[in-house]
There are 2 protein chains.
Amino acid sequence: MARQTQQRAAILKALVAADRPLSPGEILAHAQRLSPRLGIATVYRNVRRLVLDGELVEVQLPGAPPRYEVARKGHHHHFHCRICDRVFEVEGCPGPLTGLAPDGFFVEAHEIVLYGLCRECAA
Amino acid sequence: MARQTQQRAAILKALVAADRPLSPGEILAHAQRLSPRLGIATVYRNVRRLVLDGELVEVQLPGAPPRYEVARKGHHHHFHCRICDRVFEVEGCPGPLTGLAPDGFFVEAHEIVLYGLCRECAA
DNA sequence: TTGGATGCAAACGCTTTGCATAATT
DNA sequence: AATTATGCAAAGCGTTTGCATCCAA
């Protein structure tokens with residue numbers, strides 16, 4: 001288990017409390033409430049290590065800056081609400097999609113992003 | 001129809017010849033073969049206008065800088081080679097994927113990105 | 001001749017890194 | 001005491017913008 005410094009703890013705590021993916025800037029703002037002297041470089045360094053440690057997962061969406069969320073298990077995809085800009089996990093998957101690639105291409109992974117209205121914004 | 005300057009023509013020609021989405025840097029490199037004095041600022045300015053004119057389409061992939069491709073008709077997706085970092089269009093689509101979203105969510109669109117090795121890098 | 005297009009360089013925003021200091025073991 | 005973490009500032013990197021110049025109608 002990696003050593004738990006004060007700043008690393010504040011960063012993790014902020015992400016757990018937010019319960020949604022946060023950008024580095026958002027992490028800084030949230031975690032500074034717990035640890036005011038925290039700097040942005042420390043956020044980047046700790047986030048990188050937390051991802052390597054498997055405690056955080058990087059959430060990359062097209063055209064959006066990377067966000068980070070507490071790691072969960074299982075293959076899943078994302079739904080991006082165009083109104084509230086929140087991102088939700090969606091379960092299920094249409095399959096490995098290897099058939100879509102041209103001949104000679106080797107598919108190792110895939111990413112699917114759904115766009116539309118989340119439950120609240122559709123109401 | 002928008003006026004066709006030499007640089008704008010070179011940029012479009014490079015994209016047509018490449019037949020795959022190119023990043024601004026790639027566009028610069030390709031188009032400079034046709035027009036050596038071309039600068040990166042001109043690439044950005046022309047690409048922005050070409051997108052507004054509907055001649056180019058911006059291709060946003062997770063965690064990657066935006067790329068641009070010649071506007072075509074028809075729904076398609078992309079393949080991102082993890083070795084050479086090039087992006088290719090792939091035809092076909094598993095469907096509207098509306099069934100993946102949770103109840104109450106309204107799916108308007110989707111994006112699929114395949115990752116792996118392109119034909120050359122797989123060889 | 002006049003307005004738009006271009007190249008260059010500086011500005012910008014986000015991320016990373018160098019380095020001296022502080023914290024942790 | 002030795003090692004690792006941190007803050008600050010500077011450096012990178014891709015993109016945008018200011019400005020003088022060039023080109024085209």
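Every chain is numbered from 1 and lettered A, B, ... according to where its sequence line falls, protein lines coming before strand lines. Note that the structure is a prediction, hence the values are computed from the model and not measured.
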Separation of [X] atom [atom1] from [N] atom [atom2], in whole Å?
| X | N | atom1 | atom2 | value |
| --- | --- | --- | --- | --- |
| B:R8 | D:dC22 | CZ | P | 24 Å |
| A:L38 | C:dA22 | CG | C1' | 15 Å |
| B:Y68 | D:dG14 | OH | C1' | 11 Å |
| B:I40 | C:dA5 | CD1 | P | 18 Å |
| B:I27 | D:dG14 | CD1 | P | 14 Å |

Please tell me which of the listed nucleotides, [options], lies nearest to the side chain of [X]?
| X | options | value |
| --- | --- | --- |
| A:R37 | C:dG7, D:dG7, C:dT17 | D:dG7 |
| B:R45 | D:dT6, C:dT6, D:dA9 | C:dT6 |
| B:N46 | D:dT17, D:dA5, C:dT6 | C:dT6 |
| B:R48 | D:dT16, D:dT6, C:dG7 | D:dT16 |
| B:A41 | C:dG7, D:dT17, D:dT6 | D:dT17 |

Looking at [X], does any N or O in its side chain come under 4.0 Å of the phosphate oxygens OP1/OP2 on [N]?
| X | N | result |
| --- | --- | --- |
| B:T42 | C:dG7 | yes |
| B:T5 | D:dC23 | no |
| B:R49 | C:dA5 | yes |

Give a yes or no answer on whether the side chain of B:S35 reaches the backbone of B:L38 with a donor-acceptor pair at less than 3.5 Å. no
Partner of A:L56 under side chain to side chain contact (heavy atoms under 4.5 Å, CB included), chosen from A:V51, A:N46, A:L22: A:V51
Tell me what B:Q7 touches on the nucleic acid: a base, only sugar-phosphate, or nothing, going by heavy atoms under 4.0 Å. sugar-phosphate
Qualifying residues under salt bridge (Lys or Arg N to Asp or Glu O under 4.0 Å), relative to B:E58, sequence neighbours excluded: none
Contact list for residues 91-105 of chain A, test side chain to side chain donor-acceptor pair (under 3.5 Å), sequence neighbours left out: none
For B:G25 and A:S35, find the nucleotide of DNA chain D closest to each by heavy atoms; which residue's nucleotide sits nearer the 5' end?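 The residue whose closest nucleotide sits nearer the 5' end is A:S35.
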Between B:Q6 and B:P66, which is nearer to the 5' end of DNA chain D once each is assigned its nearest nucleotide?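 First, find each residue's nearest nucleotide; the 5'-ward one identifies B:P66.
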Audit row: B:H75, B:H110, side-chain hydrogen bond (donor to acceptor under 3.5 Å, both in side chains) steps and yes/no: CA-CA 10 Å; B:H75 182 65; B:H110 68 264; 3.2 Å; yes
